[in-house]
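One structure below.
All residue numbers in this chain count up from 1 along the given sequence.
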Amino acid sequence: MIRTVESSPHVSAPVLAAYSYCEAVTGQQARNFAYGIRLLPTPKRRAMSALYAFSRRVDDIGDGALEDKVKTARLEDTRALLARVRDGEVDEDDTDPVAVALAHTARVFPVPLGGLDELIDGVLMDVRGETYETWDDLKAYCRCVAGAIGRLSLGVFGTEPRARGAERAPEYADTLGLALQLTNILRDVREDAAGGRTYLPADDLAKFGCSAGFDGPVPPEGSDFAGLVHFEVRRARALFAEGYRLLPLLDRRSGACVAAMAGIYRRLLDRIERDPVAVLRGRVSLPGREKAYVAVRGLSGLDARHVSRQTVRRHA
């Protein structure tokens, strides 16, 4: 069982200010993520914001316009900062609010900070322009940039006392991260292509006649682009089905947070499945009212109860 601290002792003014900064970053730059974490109690919400703000910094370096060697140097500087956090060398009066908030989070919750090292490793793969021949290759990348975030988040959420199968919670959190990342890859296929990046496995692209890439609003001539998308959607759905087994292991509000974030991405996946070519025309997204509905559904526990019933049937 993974335990967490539900309520923290007095938090100093500098640390509160650092958390406020991280929450502002999260609210401005992570609309889908923010819908989920607003369902958490304050200590957990702050901790998740700190994890997001640090992760956002890493992603922004990788996605920026700097030369690759400069990106690499900055990522290694960020890794050095993470080492300072891990070693307890960041004081409350440090000038970096993200470091201050992350250091406090690491003292209060058992977050595996090595997951942030994995994130840096994954972004370095982007900087090097790596491509992926097979799903196993892509899965290794997704574990770095998303599965690790799932495991970090679990350190904040914790698992319920006496929850059956709680020892597999890190595995489920990792798998759910993979599901979200594969959905992201499908949604952003045109945007990534414009930036010179291809994430979908070369084996899959070749199988569906899409090896030429995606440089316009229509699929490559003679390709089965819809077939490719539906193939990847089925893969993502299988990952969601496995990852959702995490929900019954969490307390109500942590489960609601996960259900809200994952539910938003599952609905994105539904939209992509209905109109595969839409991802070549622009970014597929959900309106705010639909995100709010997903958040309410998560808070009601409907998804967690559904997964629990399925699990009971499997073991009957």
Side-chain angles (χ1 to χ4, degrees), residues 4-64 74-75 77-120 122-123 144-158 173 177 180-181 184 253-254 256-258 260-262 264 291 295:
T4 63
V5 179
E6 286 295 331
S7 60
S8 57
H10 172 73
V11 180
S12 69
V15 172
L16 285 175
Y19 276 129
S20 293
Y21 173 84
C22 293
E23 289 190 280
V25 169
T26 303
Q28 292 166 5
Q29 301 189 38
R31 302 296 174 84
N32 293 343
F33 187 80
Y35 265 90
I37 68 169
R38 70 178 60 177
L39 304 176
L40 294 170
T42 299
K44 290 184 178 182
R45 188 187 70 244
R46 289 172 177 162
M48 291 296 289
S49 294
L51 290 174
Y52 176 82
F54 189 91
S55 301
R56 180 76 265 166
R57 178 178 296 181
V58 174
D59 285 342
D60 284 347
I61 294 170
D63 292 338
R74 292 200 176 180
L75 287 168
D77 287 345
T78 306
R79 196 191 299 275
L81 174 61
L82 179 60
R84 288 181 55 220
V85 171
R86 185 184 293 112
D87 295 340
E89 297 176 357
V90 175
D91 297 325
E92 291 186 357
D93 60 354
D94 194 282
T95 57
D96 186 334
V98 175
V100 172
L102 184 61
H104 185 268
T105 292
R107 289 195 297 271
V108 175
F109 295 98
V111 291
L113 290 177
L116 292 172
D117 274 307
E118 292 180 55
L119 173 63
I120 293 170
V123 174
C144 285
V145 298
I149 302 302
R151 286 177 268 120
L152 283 158
S153 300
L154 183 62
V156 175
F157 298 145
L180 268 61
Q181 186 63 24
N184 266 336
R253 290 177 71 177
S254 296
C257 172
V258 174
M261 290 188 289
I264 288 170
K291 293 179 184 179

Backbone N/O of R38 and side chain of R45: donor-acceptor pair under 3.5 Å
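No, the answer is negative, given that no donor and acceptor are paired below the 3.5 Å cut-off.
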
Under 3.5 Å, side chain of Y52 to main-chain N/O of V25, donor-acceptor pair present?
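No, because the side chain of Y52 does not come within donor-acceptor range (under 3.5 Å) of the backbone of V25.
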
Assess the residue pair L82 and L102 against the criterion (side chain to side chain contact (heavy atoms under 4.5 Å, CB included)); give the C-alpha distance rounded to whole Å, side-chain angles, the decisive distance to 0.1 Å, and a yes or no.
CA-CA 9 Å; L82 179 60; L102 184 61; 4.2 Å; yes

Side chain proximity check, L113 to D117, heavy atoms < 4.5 angstrom
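Not touching, per the 4.5 Å side-chain cut-off.
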
How about P43 and V108: do any of their side-chain heavy atoms sit closer than 4.5 Å?
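No; the side chains remain at least 4.5 Å from each other.
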
Atom of [X], atom of [Y] and distance for their closest heavy-atom approach:
| X | Y | value |
| --- | --- | --- |
| S55 | I149 | OG-CD1, 3.6 Å |
| C22 | A101 | SG-CB, 3.7 Å |
| T105 | A50 | OG1-CB, 3.7 Å |
| A146 | G177 | CB-O, 3.2 Å |

Would you say that more than 12 heavy atoms from the other residues, nucleotides or ligands in this model lie under 6.0 Å from the CZ of R86, or not?
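Counting neighbours around CZ of R86, more than 12 heavy atoms of other residues, nucleotides or ligands fall under 6.0 Å, so yes.
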
Salt bridge (Lys or Arg N to Asp or Glu O under 4.0 Å) against D96, all qualifying residues, sequence neighbours excluded
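In terms of salt bridge (Lys or Arg N to Asp or Glu O under 4.0 Å), with neighbours along the sequence ignored, D96 is linked to R57.
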
Could you work out, with salt bridge (Lys or Arg N to Asp or Glu O under 4.0 Å) as the rule, every residue matching R107, not counting sequence neighbours?
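By the salt bridge (Lys or Arg N to Asp or Glu O under 4.0 Å) rule, R107 matches no residue at all.
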
Hey, which of S254, S153, S49 is the one that makes side-chain hydrogen bond (donor to acceptor under 3.5 Å, both in side chains) with K44?
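Going through S254, S153, S49 one by one, the side-chain hydrogen bond (donor to acceptor under 3.5 Å, both in side chains) with K44 is satisfied by S254 alone.
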
